[in-house]
Amino acid sequence: MNIMTLLNAMPGACAQGLIWGIMAIGVYITYRILDLADLTVDGTMCTGGAVCIMMMMNGHSVGVSLLCAFLAGMLAGLVTGIFHTAMGIPAILAGILTQLGLYSINLRIMLGKSNQAVSVDKYNLLVSLRYIKDVPFYKNSIFVTLIFIFVIVALLYWFFGTELGCAIRATGSNQNMSRAQGINTNMCKIIGLMLSNGIVALASGLYAQYQGFADVNMGRGAIVIGLAAVIIGQVIFGKIHGNFAFRLCSVALGAIVYYLVLQIVLWLGLNSNDLKLLSALVVAVFLAIPYLKGKYFTKGFKKGGAANA
Amino acid sequence: MLKISGVKKTFNAGTINEKAALRGVELTLNEGDFVTVIGGNGAGKSTMLNAIAGVWPIDEGSIYIDDVNVTKLPEHKRARYLGRVFQDPMMGTAAGMMIEENLALASRRGAKRGLRSGITHDEREMYKERLKILGLGLEERLTAKVGLLSGGQRQALTLLMATLKKPKVLLLDEHTAALDPKTAAKVLDATDRIVEKDNLTTIMITHNMKDAIAHGNRLVMMYEGRIIYDVSGEEKKNLQVSDLLAKFGQVSGGEFANDRMMLTN
């Protein structure tokens with residue numbers, strides 16, 4: 001238990017946290033803005049990486065590869081959106097169906113192999129495990145990922161301020177009211193799901209580069225990590241009054257906190273096989289807090305209260 | 001302005017819970033008509049409004065708004081012609097969004113929503129002016145989340161949103177029923193002022209017979225999915241609650257004694 005091992009692992013954890021932060025911003029769009037729990041992301045968190053790695057192996061530039069990863073993610077979101085809106089399947093189930101189907105598709109993309117690697121020596125990667133220390137700052141993975149987050153947050157901040165973005169937010173807040181105001185709520189849900197999964201796939205493309213390979217299991221449990229980031233961000237920074245851009249940044253920070261804590265428990269000697277169990281429990285506890293607070297720690301007679309006034 | 005003919009709707013058809021909610025509704029509104037609708041529970045009042053709004057497809061009949069056949073249009077497309085206020089104050093506004101954002105959403109009813117700014121500076125000034133009509137001080141709280149407002153304030157805001165862009169028909173579904181009497185009177189008063197100012201064609205459902213008589217230029221009574229009484233002009237002005245009760249007793253065979261209509265008088 002050398003403290004130096006922990007400190008040495010921190011920058012890497014930061015970079016990973018930031019990449020998952022991008023993914024968590026995607027989850028935020030469905031979970032918080034649209035009020036849908038979208039499980040498609042467990043599939044798209046692999047699709048993006050698979051598309052990106054395979055395209056790079058076929059000689060495409062990293063930019064084009066990432067763009068295609070983004071588009072592939074949007075396509076997955078579109079499928080879930082159609083399952084949910086046009087076919088009336090509950091959102092959770094629609095996501096699970098797409099995710100399951102994506103497993104086969106991901107294997108196809110990776111030419112039937114469960115794992116495809118790109119070597120950092122042969123390819124011009126944007127981010128990598130190796131670009132953490134001893135590289136100029138503009139090549140540092142933490143810096144590069146920060147730029148990505150900055151651009152994504154700026155674009156989303158703009159988008160959700162437009163007429164269409166407001167319509168999507170209204171759909172998540174109150175569907176009845178949205179339809180009464182002439183908003184096509186089905187279309188809004190589909191656009192939201194596409195945007196969310198596109199961002200997740202982009203994060204997946206970056207993550208695959210970072211770890212040097214795409215793996216068919218890399219998305220397993222992604223939704224839980226995404227939710228953990230959203231909830232941790234909310235618990236830590238929720239008290240601060242900030243605008244929408246601040247909320248998105250707090251989600252990314254939540255992901256970093258998640259990865260730093262993960263590093264610490266691993267350093268403390270937790271078996272890495274038990275990590276998923278730990279993640280699930282942590283998210284369950286944080287999800288339960290608002291409910292339990294309302295149930296057992298409410299002061300005075302608040303039952304109904306303002307809501308029924 | 002609005003022409004409903006032969007509208008029928010049965011819920012859960014073919015099951016043990018089958019309920020014929022509308023059994024051939026006929027109603028024609030002229031421009032500027034303000035119709036109040038009364039009737040017992042299950043008479044089909046709200047169902048008629050939902051049929052007009054397109055919440056679900058109707059089984060038979062047709063609905064024309066301003067000579068446009070809207071019978072098959074989905075709810076969100078029909079919204080361009082309609083302003084709606086619901087019974088539940090929670091239903092008409094987006095709680096997580098600001099007052100000004102809610103108004104901005106409403107002002108784009110029926111318009112294409114693209115990538116232009118969701119709210120502009122000029123709009124805000126206009127909203128301030130409009131909010132003053134309500135007399136609730138909301139014009140000072142444009143950036144407050146709607147979830148922080150009381151039920152009465154939310155209902156008043158919904159009313160303003162429904163009429164911000166002049167609707168062909170304004171549908172009010174017992175919009176004061178969930179409010180305390182004092183607030184209800186305020187919202188009704190605001191309704192009268194707005195309807196009169198813009199000369200809006202309006203359908204207002206109410207459980208309160210006094211309100212039904214006091215407001216509007218026309219009154220219809222529904223019973224078992226049909227309109228059974230339609231009165232306007234001088235005759236409506238001279239109506240008394242006792243007249244309505246008598247009429248109601250006549251068609252329902254005395255059932256009205258248990259009805260909620262009695263309690264609200």
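Reminder, nothing fancy here: chain letters follow the sequence lines and each chain counts from 1.
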Handout entry: Asp67(B) atom CG: more than 12 heavy-atom contacts under 6.0 Å
Key = no
Problem - Contact class of Lys165(B) relative to chain A, heavy atoms under 4.5 angstrom - result: neither
Handout entry: Exceeds 12 heavy-atom contacts within 6.0 angstrom, atom OH of Tyr157(A)
Key = no
Fill in the blank from the handout: Nearest heavy-atom contact between Cys166(A) and Gly118(B) is SG-CA, 4.1 Å
Handout entry: For chain A, the option from Val55(B), Leu171(B), Leu105(B) that forms the most heavy-atom pairs under 4.5 Å
Key = Leu105(B)
Exercise for the section: Count the heavy atoms belonging to other residues, nucleotides or ligands that lie under 6.0 Å from CZ of Phe159(A), then report whether that count exceeds 12. Expected result: yes
Problem - 4.5 Å side-chain heavy-atom contact, His76(B) and Thr185(A) - result: no
Exercise for the section: Inspect the surroundings of CZ in Phe246(A) and state if more than 12 heavy atoms from other residues, nucleotides or ligands are less than 6.0 Å away. Expected result: yes
Practice task
Measure distances from Ala53(B) to the heavy atoms of chain A and classify the residue's part below 4.5 Å as side chain, backbone, both or neither.
Solution key: neither
Exercise for the section: Identify which part of Phe160(A) has an atom lying under 4.5 Å from any heavy atom of chain B, answering side chain, backbone, both or neither. Expected result: neither
Exercise for the section: For the pair Asn174(A) (side chain) and Met90(B) (backbone), establish whether a donor and an acceptor sit closer than 3.5 Å, ignoring hydrogens and angles. Expected result: yes
Handout entry: Heavy-atom pair with the smallest gap, counting every atom of Thr162(A) and Leu115(B)
Key = CG2-O, 3.4 Å
Practice task
Heavy-atom distances under 4.5 Å only: say whether Glu101(B) touches chain A with side chain, backbone, both or neither.
Solution key: side chain
Practice task
Using a cut-off of under 4.5 Å on heavy-atom pairs, state which of Ala95(B), Gly110(B), Ser107(B), Ser117(B) scores highest against chain A.
Solution key: Ser117(B)
Exercise for the section: To the nearest 0.5 angstrom, please state how far the CZ atom of Arg113(B) sits from the CE atom of Met187(A). Expected result: 13.5 Å
Practice task
State the NZ-CG distance between Lys77(B) and Asn184(A), to the nearest 0.5 angstrom.
Solution key: 7.5 Å
Completion exercise
Residues of residues 128-141 of chain B with a heavy atom under 4.5 Å from any heavy atom of chain A, in residue-number order, are none
Problem - salt bridge (charged side-chain N to carboxylate O under 4.0 Å, His left out) partners of Glu163(A), counting only residues at least two apart - result: Arg108(B), Arg116(B)
Handout entry: Best-contacting candidate, Ala106(B), Gly96(B), Ala79(B), Gly114(B), against chain A by heavy atom pairs under 4.5 angstrom
Key = Gly114(B)
Completion exercise
One option among Arg80(B), Glu75(B), Gln153(B), Arg84(B) has the most heavy-atom pairs under 4.5 Å with chain A, and it is Glu75(B)
